[in-house]
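All figures in this text were calculated on a predicted structure; none of them were measured in a lab.
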Amino acid sequence: MSFRRDYITRPIFSLARGALPPMSDTEREALEAGDVWWDADLFTGDPDWSKLLANAPAALTEEEKAFLNGPVDELCAMLDDWKINWEWRDLPPEAWDFIKKHKFFGMIIPKEFGGLGFSPYAHSEVVRKLSSRSLAAAVTVMVPNSLGPGELLMRFGTKEQQDRWLPRLAEGRDIPCFGLTSPEAGSDAASMIDTGIVCKGTFEGREVIGLKLNWHKRYITLGPVATLLGLAFKAYDPDHLVGDKEDLGITVALIPTHLPGVEIGHRHLPAMQVFQNGPNWGRDVFVPLDYIIGGEAQLGQGWKMLMTALAAGRGISLPSLSAAGAAYAARTTGAYARIREQFGISISKFEGIEEPLARIAGTAYLLDAARRLTCAALNQGNHPAVISGIMKLHATERMRIVIDDAMDIHGGKAVIDGPQNYMGGLYRAVPVGITVEGANILTRNLIVFGQGAIRAHPYLLAEMNALRDEDRVRGLQAFDESLWSHVSHSFKTLFRAWGRSWTGGLFVKAPDAGKAKRFYRQLSRYSSAFALTADMALLTLGGALKRKEMLSARLGDILSELYLLSAALKRWEDEGRQSADFAALEWCMANGFRTIENRLAEILGNLPNRFVAVILKFLLQPWGARVLGPSDRVVHECAQLILEPSAARDRLTPDLSHVEDDRGVARLEAAFRLVAASENIRRRLHAARIHDWKEAVKKGVITQGEGEKLAVAHDAVMKVIEVDDFAPEALSPIYRKTADVHQFFQELGEQRAAS
């Protein structure tokens with residue numbers, strides 16, 4: 001007999017058991033998908049930094065490096081993004097053939113099935129490099145290696161299914177797509193009305209038990225060209241041919257698109273991006289049960305399969321594309337600001353330009369740090385669901401901010417479309433990344449903290465499982481152990497957070513990390529404050545917290561910042577504490593700390609239980625949110641990282657595609673190098689108050705060779721700031737009726753006058 005359990009815990013157990021809101025199977029499977037990693041340490045309120053720093057950084061094998069420097073570079077060289085998007089509306093046939101021949105669709109498929117067997121980091125690096133050349137190519141390659149038939153077969157397929165389909169997918173004999181989204185069910189995929197009825201039918205001349213499928217899917221990437229469709233639907237067994245249940249749940253099957261009843265629709269055009277995307281339908285399509293991924297045993301297990309696969313996939317493809325977009329913006333925008341002059345000086349000298357430049361550079365540093373850390377976790381076999389959600393959400397959102405900044409700095413250069421515009425396509429593509437793989441609004445407001453609070457919290461999931469245990473005696477015992485461990489943990493967290501907040505984290509134990517040591521202390525301080533605030537929100541609101549979406553979003557923002565800033569510190573350490581890069585790290589920390597403090601203040605200002613809110617404010621923010629963000633000095637130093645050719649600039653923007661084709665980016669890089677190399681000559685002209693280099697040569701201020709060097713740089717800059725124009729008949733079929741446009745308008749005016 002236990003006095004605590006029987007007289008204290010039992011009433012709490014009964015009360016909580018009755019108050020615990022019901023959880024559907026789909027909710028439970030979503031929460032249980034994947035696993036936890038560094039997010040669990042952050043939720044303790046006292047992260048063990050030695051554990052983070054001990055993780056080996058993500059690295060490529062020699063084979064993976066050779067693939068990036070060989071086939072990936074070759075593919076980049078055959079891609080002309082302007083023609084792909086505005087003339088061909090597709091990848092050229094030779095690119096499709098090259099992708100299949102070199103097994104780009106089989107990067108994650110093991111070698112035993114004919115694939116490349118690459119690591120998640122290699123997959124990420126390939127997507128990153130392709131993204132900096134052609135988004136259509138990057139999306140085409142990344143989708144078969146993300147959530148789709150290949151990954152699901154590897155994880156859940158039977159041996160027979162793997163032997164049959166994986167070699168075909170790896171070699172490009174089959175092109176896969178995955179049908180999840182339907183008109184009735186977007187982010188709420190569990191609401192799909194696509195059905196599969198268990199029945200008897202004839203397939204390839206034999207009578208078997210199978211599924212009669214009816215569906216309507218849309219927004220399906222690679223759908224218009226797919227030969228193998230992974231299909232999610234709800235399975236029903238009205239005649240009880242396979243068991244006692246009628247409603248079997250969400251199921252995933254493989255559907256060859258040549259089967260009778262399958263209809264492939266025309267193409268969608270997502271924000272003027274021309275990767276293959278479109279709807280499809282199925283009308284009374286019959287397949288045997290062994291077309292279910294995993295066979296009959298996986299009937300009704302589709303949602304768990306999808307959530308498990310998504311837990312890893314969301315951490316690779318879109319974060320890689322977003323990190324590439326940020327690095328690409330940093331490299332191009334820094335170069336353009338350096339060479340572009342207004343009012344007689346480089347626009348990079350204006351503080352108003354330095355601020356967005358610093359934001360671009362700092363964000364590029366942060367996103368690639370988080371991408372690498374997440375890939376390191378995936379390489380080790382982890383499937384961190386909460387971190388993957390953080391990565392998809394914040395990588396795409398911050399890419400949007402960075403690309404907006406880049407567009408503002410480029411001005412008309414990035415607005416006027418044509419072969420020389422290297423920013424417009426990326427700008428148009430941003431909403432696609434924001435929308436797919438779970439809408440960002442939903443992810444921020446419901447998933448990051450909602451899933452994180454249950455999965456990553458040290459005790460909450462154990463308490464919930466104990467409350468739901470059908471064996472009340474066993475459940476009570478488990479609840480008693482978890483509850484009082486939780487209470488003890490909460491009191492420790494309270495005093496830890498109070499002490500760290502009032503001392504500014506001055507006495508927090510931190511790694512010996514040189515100039516970065518103070519950042520570890522602050523993150524530990526904020527982790528404690530977050531853990532205490534999260535516990536109090538859960539205690540006072542309970543299940544109602546998931547309906548307080550704005551509070552949940554703010555808590556999720558703090559957790560996200562803690563993870564992203566941890567990644568920045570890990571990158572700083574892994575790269576050998578490069579002094580030249582410290583400004584980027586400092587910018588990341590100041591910007592992140594400001595967000596954390598502001599979100600914490602917003603939570604305390606809006607927590608419904610005002611008594612608890614006042615106590616928390618006294619403990620955690622007695623003087624309010626005090627971090628103002630990066631100082632002007634930090635902004636200036638961070639902006640400088642991308643304004644000069646240097647090793648620091650190369651570290652900030654690594655592994656992008658560099659194709660010397662005398663177009664957009666290649667012209668920009670050439671002009672950037674020439675302007676930087678002639679800077680000292682320009683300064684001498686400026687000091688002498690001379691604008692014409694020929695006059696400066698005559699006066700002996702510079703030599704003839706130096707003058708010619710200036711002229712070459714000037715010509716290169718003029719080529720960069722050029723924008724494209726088009727003959728009217730090249731843009732509109734209206735004008736193609738006559739070669740003389742002026743005559744066309746004259747005749748049009750005469751016709752109107754006559755009428």
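Under a 3.5 Å cut-off, the side chain of D290 and the backbone N or O of G295 do not form any donor-acceptor pair. Judged by distance alone, the side chain of K392 and the main-chain N or O of I434 form a donor-acceptor pair under 3.5 Å. Of the possible polar contacts, one joining the H268 side chain to the Y219 backbone as a donor-acceptor pair under 3.5 Å is found. For the pair Q162 (side chain) and L153 (backbone), a donor-acceptor distance under 3.5 Å is present. Side-chain atoms of E94 do not come within 3.5 Å of backbone N or O of M78 as any donor-acceptor pair. Panel note: side chain D97, backbone A95; no donor-acceptor pair is recorded below 3.5 Å. Side chain of Q161 to main chain of G294: a donor-acceptor pair is present (N/O by atom type, distance under 3.5 Å, no hydrogens or angles). Side chain of D39 to backbone of V386: no donor-acceptor contact under 3.5 angstrom is found. Judged purely by atom type and a 3.5 angstrom limit, N379 has no side-chain atom pairing as donor or acceptor with the backbone of A58. Judged by distance alone, with hydrogens and angles left aside, the side-chain atoms of K570 form a donor-acceptor pair with the main-chain N or O of N55 at under 3.5 Å.
Side-chain contact between E125 and E64 is absent, with no heavy atoms from C-beta onward closer than 4.5 Å. Looking at L378 and P384, their side chains come closer than 4.5 Å, going by heavy atoms from C-beta outward. The side-chain heavy atoms of P279 and E263, taken from C-beta on, include no pair separated by under 4.5 Å. The shortest distance between side-chain heavy atoms of I255 and F233 does not fall below 4.5 Å. Using a 4.5 Å cut-off on side-chain heavy atoms (C-beta onward), L367 and V402 make no contact. In this structure, M399 and L321 have side chains that are in contact, with non-hydrogen atoms separated by less than 4.5 Å. At least one side-chain heavy atom of R89 sits under 4.5 Å from a side-chain heavy atom of M272. Contact check for F105 versus T140: side-chain heavy atoms found under the 4.5 Å cut-off.
Using a 3.5 Å distance cut-off with no hydrogens or angles, the side chains of D80 and W88 do not pair a donor with an acceptor. Donor-acceptor pairing under 3.5 Å is lacking for the side chains of Y328 and S131. Side-chain atoms of D417 and W82 form no donor-acceptor pair, as typed in the model, at a separation below 3.5 Å.
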R128 and D368: CA distance, side-chain angles, deciding distance, salt bridge (Lys or Arg N to Asp or Glu O under 4.0 Å) verdict:
CA-CA 10 Å; R128 175 186 169 82; D368 212 46; 2.9 Å; yes
Under the side-chain contact (heavy atoms from CB on, under 4.5 Å) rule, what do R314 and T443 come out as? Steps first, then yes or no, please.
CA-CA 12 Å; R314 296 179 86 197; T443 302; 3.1 Å; yes
Given the rule in the side-chain contact (heavy atoms from CB on, under 4.5 Å) test, do R571 and L373 qualify, once you have shown the distances and angles that lead to the verdict?
CA-CA 8 Å; R571 175 177 182 177; L373 181 61; over 6 Å; no
Run the numbers on T195 and N214 for side-chain hydrogen bond (donor to acceptor under 3.5 Å, both in side chains), then give the verdict.
CA-CA 5 Å; T195 61; N214 284 275; 4.7 Å; no
Evaluate side-chain contact (heavy atoms from CB on, under 4.5 Å) for V198 paired with L211, printing each intermediate quantity in order.
CA-CA 5 Å; V198 178; L211 291 157; 3.7 Å; yes
Show, in sequence, the C-alpha distance, side-chain angles and deciding distance for F156 and V252, and conclude whether the side-chain contact (heavy atoms from CB on, under 4.5 Å) test is met.
CA-CA 10 Å; F156 305 105; V252 180; over 6 Å; no
Could you give me the CA-CA distance, side-chain angles and deciding distance for S657 and R133, then say whether side-chain hydrogen bond (donor to acceptor under 3.5 Å, both in side chains) is met?
CA-CA 6 Å; S657 172; R133 182 64 180 170; 4.8 Å; no
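A 6.0 Å sphere centred on OH of Y427 holds no more than 12 heavy atoms belonging to other residues, nucleotides or ligands. With a 6.0 Å radius and a threshold of 12 heavy atoms from other residues, nucleotides or ligands, L269 has its CG atom above the threshold. Around the NE2 atom of H266, the shell of radius 6.0 Å holds no more than 12 heavy atoms that belong to other residues, nucleotides or ligands. Other residues, nucleotides and ligands contribute over 12 non-hydrogen atoms within 6.0 Å of the CG atom of L241.
Between K129 and D73 there is a salt bridge, with a side-chain nitrogen of the basic residue lying less than 4.0 Å from a carboxylate oxygen of the acidic one. Between R155 and E151 there is a salt bridge, since at least one side-chain N of the basic residue sits less than 4.0 Å from a carboxylate O of the acidic one.
Between A170 and F113, the closest heavy-atom pair is CB-O, 4.0 Å. Taking every heavy atom of both residues into account, L222 and P144 meet most closely at CD1-CG, 3.6 Å. Looking at every heavy atom in both residues, A232 comes nearest to L180 through CB-CD1, 3.8 Å. When all heavy atoms are compared, the tightest approach of P120 to I316 is CB-CD1, 3.8 Å. Across all non-hydrogen atoms, the minimal contact from S560 to V448 is OG-CG1, 3.8 Å. Annotation for I84 and S134: closest pair CD1-OG, 3.9 Å, computed over non-hydrogen atoms.
Screening L169, I264, D174 against T227 for a side-chain contact (heavy atoms from CB on, under 4.5 Å) leaves a single residue, D174. The one candidate from K234, H216, K217 that meets the side chain to side chain donor-acceptor pair (under 3.5 Å) condition with D194 is K217.
Atoms NZ and CD, on K111 and E63 in that order, are 3.5 Å from each other to the nearest 0.5 Å. One distance of note links CG of N85 with CZ of R428; it measures 7.0 Å at 0.5 Å rounding. In this structure, OG1 in T61 is found 6.5 Å from CZ in F118, a value given to the nearest 0.5 Å. Here the straight-line distance linking atom OG of S388 with atom CH2 of W37 works out to 11.0 Å at 0.5 Å rounding. D284 CG to K212 NZ: the interatomic distance, rounded to the nearest 0.5 Å, is 5.0 Å. Note that OG of S322 and CE of M391 are 8.0 Å apart. Values are rounded to the nearest 0.5 Å.
In this structure, F98 and F104 have tilted ring planes: the angle between them lies in the 30° to 60° band.
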